[in-house]
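What follows is a short report on a single structure.
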Amino acid sequence: MTKICCIGAGYVGGPTMAVIAHKCPSIEVAVVDISVARITAWNSDQLPIYEPGLDEVVKQCRGKNLFFSTDVEKHVSEADIIFVSVNTPTKTRGLGAGKAADLTYWESAARMIADVSKSDKIVVEKSTVPVKTAEAIERILTHNSKGINYQILSNPEFLAEGTAIQDLFRPDRVLIGGRETTEGQKAIQALKAVYAHWVPEERIICTNLWSAELSKLAANALLAQRISSVNAMSVLCEATGADVSQVSHAVGKDTRIGPKFLNASVGFGGSCFQKDILNLVYICECNGLTEVANYWKQVIKVNDYQKNRFVNRVVSSMFNTVSGKKIAILGFAFKKDTGDTRETPAIDVCNGLLGDKARLSIYDPQVTEDQIQRDLSMKKFDWDHPIHLQPMSPTSVKQVSIVWDAYEAAKDAHGLCFLTEWDEFKTLDYQRIFNNMQKPAFVFDGRNVVNVEKLREIGFIVYSIGKPLDPWLKDMPAMA
Ligand code: NAD
Ligand code: UDX
């Protein structure tokens, strides 16, 4: 029986390994992590991450050929194939701080593999890493290899949160990069055989190591660039009376462009886009490619502009001050169908409003009170370090209350801000909400989730990203 071990039981390691175990009953899969809390949760009825369809897959395989454990060394030493899916956050200090990937967790995983291995291993980079990382990992592993043969493969993950299980069941492609030597090609075939249990052969792409590593950064950069492009258009739409949804629809009909990933928003979030673009920028700068670095930097600048613009719009619409006013925040996760808040635009928007002394009442169907309080009191980039996974008592932000109902959040509020596109927001009783709010009652839709016309009929003053401005707002002093 082939044995697989995955180091890192997070948003990628957990679902990816659960699907491998589900699709390959002949393979034994162990997912290991240094976080006791995370492993305990993976072994319980309350999984550590919310992902549609994940519970069923885990329940079918757990205890049969899927195991979650903190006994990292035992499982690593027994495995034939080791996936490394640890976090690779942005460095917070030292050389490259604020841009470069922090490979501390990766390096310590590699050193541990070298220490405990007694047989040949295929080591798979599942984490997103800077191009050329495999070379560094190879050196760490082979420095004191005791005659053990290591083959390093790059197998970046393309799943998106909220749709992880369907993405893993039917991936657009699986990418495997390896050395162009006989041993390297043999290792590629071994990993390909795992995916071939359910992925059609034509969807498994094999490349050299550097192409695979760089393709991951390139894919995320291109996806984020599309959002910043459409968000830049949303600003022009508001200035001219065009409607960004109509523009996206018309543009997306061009088969060369395609309809996906053209939704204007308050800004992209999530643990990957910003981190991976910063990483790409840093690699370009290290290679002396200033123009290329500046091109990609602009994608992040537009994203920051979009978040700031939203805050300015809220404040300027509400007579240039939100001091002491209650504002309901509907949705805190970085997108729907996940409880993940890493780099969610909600953090920047909430902090912006808190800076203007607003009182916030926050509702999200999947994010806990602790998580929100922690996010609002944490320094930028600190979230992606494992210490963050351990229980701790966050200092709560006084002007913030977290509630478990959209109606409760909206009660007596001056304004509603939609920051995540949860489906349930489409079917709320807006007349009831309007009746219980302060007047004038404002709606600021950062996700194009509400029916603007209907809400205006009820009496709301509505701002929706990239849509023609409410006549009421047009007359307000321009701040955005
Ligand atoms: P995560 O923070 O959810 O999980 C990483 C886990 O690794 C944590 O549980 C942490 O405790 C553990 N860990 C860290 N060092 C360890 C060590 N030395 N030994 C054992 N465990 C260790 O992160 P994630 O979202 O799963 O992302 C992991 C990697 O995958 C990152 O490089 C990320 O860029 C990439 N990625 C993420 C996504 C996504 O949607 N989240 C998608 C594609 C790729
Ligand atoms: C992304 C990539 O899509 C995935 O392939 C990679 O493996 C990890 O990073 P993820 O961050 O989980 O996945 O979600 P994604 O659906 O890409 O959304 C990222 C952010 O962009 C979210 O905040 C989302 O709301 C926003 N977004 C997405 C838009 O604002 N508009 C869109 O049209 C699409």
Side-chain angles (χ1 to χ4, degrees), residues 5-16 31-39 41-42 48-49 51 69-70 72-73 75-76 83-90 101-113 125-130 133 155-164 167 171-172 216-217 219-224 226-231 234 248 252 259-276 279 303 306 331 333-338 340-346 383-390 419-421 446-448 465:
C5 174
C6 176
I7 306 176
Y11 284 88
V12 168
T16 312
V31 192
V32 298
D33 204 293
I34 43 171
S35 164
V36 177
R38 265 213 166 160
I39 291 298
W42 279 111
I49 62 177
E51 193 59 61
S69 168
T70 48
V72 180
E73 298 187 356
H75 290 287
V76 165
F83 286 82
V84 183
S85 186
V86 298
N87 23 358
T88 48
T90 305
D102 182 348
L103 294 177
T104 312
Y105 308 110
W106 230 112
E107 185 176 337
S108 98
R111 287 184 187 279
M112 184 267 302
I113 295 172
E125 290 176 344
K126 201 43 148 170
S127 304
T128 304
V129 289
T133 297
N155 172 222
E157 185 48 59
F158 295 100
L159 67 78
E161 288 177 30
T163 54
D167 294 344
D172 286 346
K216 176 64 199 178
L217 296 180
N220 275 354
L222 284 165
L223 288 167
R226 255 174 101 92
I227 302 169
S228 278
S229 297
V230 82
N231 280 345
S234 76
S248 289
K260 294 183 183 165
F261 256 70
L262 288 179
N263 295 323
S265 67
V266 60
F268 60 73
S271 61
C272 295
F273 283 173
Q274 173 163 297
K275 160 177 86 77
D276 294 346
N279 185 352
N303 200 47
Q306 190 76 342
F334 83 96
K335 63 187 280 198
K336 74 170 181 178
D337 292 337
T338 178
D340 194 355
T341 60
R342 293 178 292 178
E343 286 293 343
T344 177
W383 50 264
D384 205 8
H385 294 260
I387 187 80
H388 176 45
L389 300 169
Q390 309 305 331
L419 300 184
T420 313
E421 71 285 19
R447 294 291 187 168
N448 286 335
I465 293 270

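Here, residue 1 is the first one in the sequence, and each next residue gets the next number. Atoms within each ligand, like the ligands themselves, are counted from 1 in listed order.
In Ile7, the part holding a heavy atom less than 4.0 Å from any atom of ligand 1 is the side chain. Heavy atoms from both the backbone and the side chain of Ala160 come within less than 4.0 Å of ligand 2. Residue-level proximity to ligand 2 for Leu159 is carried by the backbone, the only part with a heavy atom below 4.0 angstrom. Of all the heavy atoms of Ser108, the ones lying under 4.0 Å from any atom of ligand 1 belong exclusively to the side chain. Counting heavy atoms under 4.0 Å from ligand 1, residue Ala164 does not touch it at all. Within the 4.0 Å heavy-atom criterion, the part of Arg342 lying near ligand 1 is the side chain and not the backbone.
The atoms of ligand 1 that sit less than 4.0 Å from any heavy atom of Arg38 are 1 (P), 2 (O), 3 (O), 4 (O), 8 (C), 9 (O). Listed by number with element, the atoms of ligand 1 under 4.0 angstrom from any heavy atom of Thr88 are 31 (C), 32 (O), 34 (O). Contact atoms of ligand 2 toward Cys272: 8 (C), 9 (O) (distance under 4.0 Å to a heavy atom of the residue). Which parts of ligand 1 touch Ser271 is read off a 4.0 Å heavy-atom cut-off, strictly below it: atoms 41 (N). Counting atoms of ligand 1 from 1 in the listed order, those under 4.0 Å from a heavy atom of Ser85 are 5 (C), 28 (C). Residue contact check: Gly10 has heavy atoms under 4.0 Å from atoms 1 (P), 3 (O), 4 (O), 26 (O) of ligand 1. Per-residue contacts place Leu223 under 4.0 angstrom from the following atoms of ligand 2 (heavy atoms of the residue considered): 3 (O).
Scanning all protein heavy atoms for the shortest distance to atom 20 (C) of ligand 2 gives Gly269 O, 3.5 Å. Protein heavy atom at the shortest distance from atom 16 (O) of ligand 2 is Lys335 NZ, 2.8 Å. For atom 32 (C) of ligand 2, the nearest non-hydrogen atom of the protein is Asn263 O, 3.6 Å. Atom 11 (O) of ligand 2 has Phe334 CE1, 3.4 Å as its closest protein atom, hydrogens excluded (heavy atom only). The protein heavy atom nearest to atom 1 (C) of ligand 2 is Phe273 CE2, 3.5 Å.
Using a 4.0 angstrom heavy-atom cutoff, Asp33 counts as in contact with ligand 1.
The closest donor-acceptor contact from the side chain of Ser127 to the backbone of Val86 lies under 3.5 Å. Judged by distance alone, with hydrogens and angles left aside, the side-chain atoms of Glu125 form no donor-acceptor pair with the main-chain N or O of Asn155 at under 3.5 Å. Of the possible polar contacts, none joining the Thr338 side chain to the Gly162 backbone as a donor-acceptor pair under 3.5 Å is found. Within the 3.5 Å criterion, the main-chain N or O of Val129 finds no donor-acceptor partner in the side chain of Thr88. Under a 3.5 Å cut-off, the side chain of Asp33 and the backbone N or O of Ser35 do form a donor-acceptor pair. When atom types are taken as modelled, the side chain of Asn231 and the backbone of Ser265 share a donor-acceptor pair closer than 3.5 angstrom. One N or O on the side chain of Trp42 and one on the backbone of Ala9 form a donor-acceptor pair closer than 3.5 Å. Checked by atom type and distance alone, the side chain of Ser234 never pairs as donor or acceptor with a backbone atom of Ile465 at under 3.5 Å.
Nearest-heavy-atom check against atom 30 (O) of ligand 2 across Ser265, Pro345, Ala346 picks out Ser265. When the heavy-atom distances from atom 12 (O) of ligand 2 to Arg447, Glu161, Arg226 are ranked, the shortest goes to Glu161. Of the candidates Thr70, Ile49, Val86, Val86 brings a heavy atom nearest to atom 16 (C) of ligand 1. Taking all heavy atoms of Lys216, Arg342, Glu157 into account, the minimum distance to atom 6 (C) of ligand 2 is reached by Lys216. For atom 27 (N) of ligand 2, the choice among Thr163, Ile227, Leu262 with the nearest heavy atom turns out to be Ile227. Of the options Phe158, Tyr11, Phe261, the smallest heavy-atom separation from atom 17 (O) of ligand 2 is shown by Phe261. Nearest to atom 22 (C) of ligand 1 by heavy atom, out of Val31, Ile34, Leu217, is Ile34. The closest heavy-atom contact to atom 30 (O) of ligand 1, among the options Leu103, Asn87, Val12, comes from Val12.
Distances between N or O atoms of Ser35 and those of ligand 1 include no value under 3.5 Å. No N or O atom of Glu157 sits closer than 3.5 Å to an N or O atom of ligand 1. Looking at ligand 1, you won't find any N or O of Lys126 less than 3.5 Å from one of its N or O atoms. Residue Lys216 has no N or O atom closer than 3.5 Å to an N or O atom of ligand 1. In terms of N/O distances under 3.5 Å, ligand 1 is not approached by Asp276. Geometrically, ligand 1 and Val72 share no nitrogen or oxygen pair separated by less than 3.5 Å.
The pair Glu157-Lys126 meets the salt-bridge criterion, since a charged nitrogen lies less than 4.0 angstrom from a carboxylate oxygen. In this structure, Glu161 pairs ionically with Arg342, as a charged nitrogen and a carboxylate oxygen lie closer than 4.0 Å.
Separating the CG atom in Leu223 from the SG atom in Cys272 is a distance of 10.5 Å, to the nearest 0.5 Å.
Scanning both residues, Ala101 and Asn279, for their nearest heavy atoms gives CB-ND2, 3.6 Å.
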